[in-house]
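Take a look at the structure below.
Quick caveat: nothing in here was measured; it's all calculated off a predicted structure.
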Protein chains: 2
Amino acid sequence: MQLMEAYAACMACPVRSNSFCDAVPMSDLDSLGKARRLIRFNRRQTIVCEGAPATALFSIVSGVVKLYRSLADGRTQITGFRFPGEFFAAPHSGRYTTTVEALTSVEACCFPRSRLNRLSQRFPEIQTNLIEMNHQHLAAAENQIFLLGRKTAREKVASFLLWYREKLDQEKISEDRRMSLPMTRTEVADFLGLTTETVSRVLTGLAREKMLAIDKSHSITLLDVASLRRASGL
Amino acid sequence: MQLMEAYAACMACPVRSNSFCDAVPMSDLDSLGKARRLIRFNRRQTIVCEGAPATALFSIVSGVVKLYRSLADGRTQITGFRFPGEFFAAPHSGRYTTTVEALTSVEACCFPRSRLNRLSQRFPEIQTNLIEMNHQHLAAAENQIFLLGRKTAREKVASFLLWYREKLDQEKISEDRRMSLPMTRTEVADFLGLTTETVSRVLTGLAREKMLAIDKSHSITLLDVASLRRASGL
DNA sequence: CGTGGTTTTGAGCCCGTTCAAGTATCGTGG
DNA sequence: CCACGATACTTGAACGGGCTCAAAACCACG
């Protein structure tokens, strides 16, 4: 039966306790399951488009997405990334404010606005969780604003690496000291307000100074976190 | 009586319909009034400090504030401004994420967290409003991220002027075509990720091109909005 | 009418960009 | 499994937008 499936899906959800779904008690997981639909996306696939009517909210089960805006002349700026447990596709006056694209293969729960509204009337703590997570996103945006406005290329790249390392540490088991970036050099550049060339140059520079090691481009090991922290401008 | 005063205060509040307080029905304005305390701040006065325990949320009745972060070496970045009807001092893991300072004389309602929580249990629509406004703040942050990461000095300044003009138009009666900036050149620079000198140079440049007129530095008239929009990179 | 702060203007420099070439990496089909 | 083409990454040389440093002009306030 569908009911059982929905219940089982949310019951077994690996990120429930990290997501806003945490507000729904175990006994009501079937209501939760019925409000959402699990969708899979491939790397490079666009999930929502900037400016389109905001019909749903997405909560990530696995994978990473980027949020970005771009101009007609090609200039692109990534405004943030979202990881498992986090949501995306916040509306402003009824429309999505950024385009969202999958960086890896992604599983996400799609909650149509209307159903989510009904659900959060039954479980008001959903709203509390959403507010809490919104504040986290805002704090992350403030970090990025400071970084973009006031940091040098070197500081930007060092900050980025330390930030991603921390994300990995709190998301999953920290694999080992090596970490593999799901984003390309261009995407790192579009996040940090730099060009691909500069990101590449700074990375090889930091590698020459033995703060990190690069193997196969996307696989990076942070060798000297203390020096990196100093290089990041705190 | 205190009760009457509180009731009268919120009853007469000029920004109630634009603030999250809108969620409280007229018949319950006394509960609202008792949850908050009206505080006045002078220009230049610090209202909350980055990193301090987040004990209250503030809603602006009149005036403008700036939110900013700064480093020990003096680098400062303004992450946003807040206007009448908007709130500030969002917490992240229990602490304020930015310092907030009054740009003009400011009247703000201070809501201690505990009272606000009790109030929003009685009136859940408060949470809905807070979420809505949070999304607006996030959208504003995304705008600024794009601006900081990908726009030229000229585009930044033009965008800023148009943005502020729009704010004025929707906040109050649009005075006339002249507008007076509540922020100094340094504050504009700290908002746009530039130096004071560059802001000044770009402004005189735009004035030479007859897109605007400057009288007394803080009083600016936008003469050619269409050209400015083109100069802002859309 | 001075005094301190803000704004403007000027000259020179530097960080990050641009343009261009060369190298590694990955996916695909033979 | 390898050859191939496409894409991503690195490296180099030269340019330029915005910064730095310095000084002059302007303004508000006593």
Side-chain angles (χ1 to χ4, degrees), chain A residues 42-45 66 71 73-78 101 103-105 147-161 180-209 212-220 231 233, chain B residues 42-44 66 71 73-77 103-104 147-161 180-209 212-220 231 233:
Chain A
N42 297 320
R43 174 174 171 76
R44 294 279 120 106
Q45 205 174 342
K66 64 173 175 181
L71 248 43
D73 62 14
R75 284 184 282 180
T76 297
Q77 176 67 44
I78 293 178
E101 191 183 301
L103 282 190
T104 62
S105 57
L147 176 146
L148 290 169
R150 293 304 181 204
K151 288 194 176 179
T152 65
R154 190 182 157 89
E155 291 173 331
K156 285 176 176 181
V157 173
S159 302
F160 170 75
L161 291 170
S180 85
L181 302 177
M183 54 290 274
T184 66
R185 293 286 184 273
T186 304
E187 283 163 337
V188 174
D190 285 345
F191 183 56
L192 300 178
L194 299 170
T195 58
T196 337
E197 295 93 325
T198 301
V199 171
S200 182
R201 269 186 263 269
V202 171
L203 277 174
T204 53
L206 294 174
R208 202 174 307 119
E209 299 178 53
L212 52 84
I214 308 175
D215 32 280
K216 291 166 78 226
S217 290
H218 284 239
S219 178
I220 292 183
Chain B
N42 297 321
R43 174 173 171 76
R44 293 277 123 105
K66 64 172 175 182
L71 249 42
D73 63 13
R75 284 182 283 181
T76 297
Q77 176 66 45
L103 281 190
T104 62
L147 176 145
L148 290 169
R150 293 304 182 205
K151 289 194 176 180
T152 64
R154 191 183 156 88
E155 290 172 331
K156 285 176 175 180
V157 173
S159 301
F160 169 75
L161 292 170
S180 85
L181 302 178
M183 54 290 274
T184 66
R185 293 285 185 273
T186 304
E187 283 164 335
V188 174
D190 285 344
F191 183 55
L192 300 178
L194 299 170
T195 58
T196 336
E197 295 94 324
T198 302
V199 171
S200 180
R201 269 187 262 269
V202 171
L203 278 174
T204 54
L206 293 174
R208 201 174 304 119
E209 298 177 54
L212 52 84
I214 308 175
D215 30 281
K216 291 166 75 225
S217 290
H218 285 237
S219 177
I220 293 183

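Tested against A:L203 for a side chain to side chain contact (heavy atoms under 4.5 Å, CB included), the candidates A:T198, A:I220, A:V188 yield a single pass: A:I220.
Residues A:K216 and A:A153 each lie close to DNA chain C; by heavy-atom proximity, the contact nearer the 5' end of the strand is made by A:A153. Each of A:D215 and A:T195 was assigned the nucleotide of DNA chain C with the nearest heavy atom; the assignment lying further toward the 5' end belongs to A:T195.
Summarising the geometry, the separation between CZ on B:R150 and P on C:dG16 is reported as 13 Å, rounded to the nearest angstrom. Per the geometry, NZ belonging to B:K151 stands 18 Å off P belonging to C:dT17, to the nearest Å. Rounded to whole Å, the distance from NE2 on B:H218 to P on C:dT6 is 9 Å. In this entry the distance linking CG of B:L206 with P of C:dT7 reads 17 Å, nearest Å.
Although no hydrogens or angles enter the test, the distance criterion places a donor-acceptor pair under 3.5 Å between the side chain of A:T76 and the main chain of A:G74. Remark: side-chain polar atoms of B:R75 are paired, donor with acceptor, to backbone N or O of A:R150 under 3.5 angstrom.
Across every non-hydrogen atom of B:K151 and B:S159, the tightest pair is NZ-OG, 3.0 Å. Scanning both residues, A:T184 and A:H218, for their nearest heavy atoms gives CA-CE1, 3.8 Å. Here the closest heavy-atom approach between residue B:P182 and residue B:R43 is recorded as O-NH1, 3.4 Å.
In this structure, B:G193 reaches the sugar-phosphate backbone alone: every heavy-atom distance under 4.0 Å involves primed, P, OP1 or OP2 atoms, never a base. A:R75 comes within contact range of no nucleotide atom at all, as no heavy-atom separation falls under 4.0 Å.
Side chains of A:R154 and A:L206 form a contact here, defined as non-hydrogen atoms less than 4.5 Å apart.
With a heavy-atom cut-off of 4.0 Å to chain B, the contacted part of DNA chain D has its first and last nucleotide at D:dG18 to D:dA28.
For the atom pair A:L147 CG and B:L148 CG, the distance stands at 10.0 Å (nearest 0.5 Å).
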Taking only N/O atoms, report every protein-nucleotides 8-10 of chain C pair under 3.5 Å with atom names and distance.
residue, atom, partner, partner atom, Å
C:dT8, OP1, B:R185, NH2, 3.3
C:dT8, OP2, B:R185, NE, 2.7
C:dT8, OP2, B:S200, OG, 2.8
C:dT8, O5', B:S200, OG, 3.0
C:dT9, OP2, B:T204, OG1, 3.4
C:dG10, N7, B:R201, NH1, 2.8
C:dG10, O6, B:R201, NH2, 3.4

| query | Going through the distances and angles, do A:S180 and A:K216 end up as a side chain to side chain contact (heavy atoms under 4.5 Å, CB included)? | reply | CA-CA 9 Å; A:S180 85; A:K216 291 166 78 226; over 6 Å; no
